Amino acid sequence: MPQDKYILGIETSCDETAAAVMKNGELIFDCTTTQLLHSRYGGVVPELASRAHEKLLASGVEQVLNESNINVDDLNAVAVTHGPGLAGALLVGVSFAKGLCFALDIPLIGVNHIEAHLWSGQLTGDNPEPPFLALILSGGHTILVEVEGFGEYEILGSTKDDAVGELFDKVGRMMGFQFPSGAELDRRALLQDSRDEVRFPRAVVKENPLAFSFSGLKTAVLYHLNQNFKSTDGHFEIGETEKNSILRGLMNAVSDMLCNALLKAARGKEYNCIVVGGGVSASKFLRTRFKETGELLSIPVIIPPFRYCTDNGAMIAHLGCKLFEKDMISLMNLQIDPGLRLGQR
Ligand code: KG4
Ligand code: ZN
């Protein structure tokens, strides 16, 4: 009987401290702690994030090992996010993973966070068959990719300025919501009827119709607020219905821009499916629009369940397993790379 293979996944690239255990490629247990301490600062404070990872990581790993009913020396490898992300935060995870691998004499696997989002749809059994289109939407990235195979990625377009999650968080801040505000914007947009929405422009990037630009949309929301509402101490005096009308208009503009790019990218191509991942893909508003776009193209749209859209350890363990199977392990001098791009390891 072949021996069971256990892989631990560790994620500390931003403000989620997360760990997960996989047995023979199947997720056994995962645990994510979102660092709520950043909400009062209106964004992630890098130094505080690193310190919180230091406090939370060991107990998170202990918990996933306990819940998985295994001992630390049952592990066959440790997979860890080494980029992209915040330098100090990445360093906490990578140093911890190196320590474990060194002590247990097992392989270390460096994982690209964006690539982990890309394959996270497989966590619940969906198996996208290349070639397919992938749209990665997170707080730091908005990327449209053609996937020709594992590790074969052609970036068709990305954002020229703000990422979608960044846009949501900045607009949320203008409106006085807690960071991160994507989920709140989404909830409010769904409360409003589209007949009452505030209409915002859709940006097109001339050089590349598959690229994105969201900073104009952010400015348009700010203009609208400045022109229509009084501001005291940096806060706009604005009613709930008006807020929701603006957010409905914002969500509609964003979904039009994203879905138009999907339609253009798929024109004349034979993609098997569209895969969407990253924290913003937890948006119910956008999920519905992506599914409708898939119906127009007659191809399935794969989006992970909510908990695997935002940062989590399961997606790191999952990609770690794929790399381990292919013997793509890292050297013990693995470096963090805050600017790591999709396609790089
Ligand atoms: O992938 P992620 O967890 O972290 C990064 O890698 O950046 O994405 C975080 C982003 C934040 O900007 C957050 O506001 C957004 O995802 N987000 C959402 C939702 N949940 C999180 N945006 C829209 N709807 C949601 N339900
Ligand atoms: Zn992420």
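First listed ligand is number 1; within each ligand, the first listed atom is number 1. Quick note: residue numbers are just sequence positions, from 1. Fair warning: this is a prediction, and the values are worked out from it, not measured in the lab.
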Measure from the Zn ion (ligand 2) to every N/O/S atom of [X] and report the name of the nearest one.
X: D311; answer: OD1
X: H113; answer: NE2
X: H117; answer: NE2

Non-hydrogen atom of C14 closer than 4.0 Å to ligand 1: no
Contact check, K284 vs ligand 1, heavy-atom distance below 4.0 Å: no
Pi-cation contact, F285 with R187 (under 6.0 Å, within 45°): no
SB check R248 D196 (cutoff 4.0 Å): no
Carboxylate-amine/guanidinium proximity below 4.0 Å for K23 and E26: no
Gap between atom CD1 of I302 and atom SG of C273 - 0.5 Å precision: 4.0 Å
Would [X] count as a polar contact of ligand 1, with the cut-off being nitrogen or oxygen pairs under 3.5 Å?
X: G182; answer: yes
X: D169; answer: yes
X: H117; answer: yes

Whether T17 side chain and L57 backbone form a donor-acceptor pair below 3.5 Å: no
Residue of the set H53, E16, R51 for which side chain to side chain donor-acceptor pair (under 3.5 Å) holds with Q35: H53
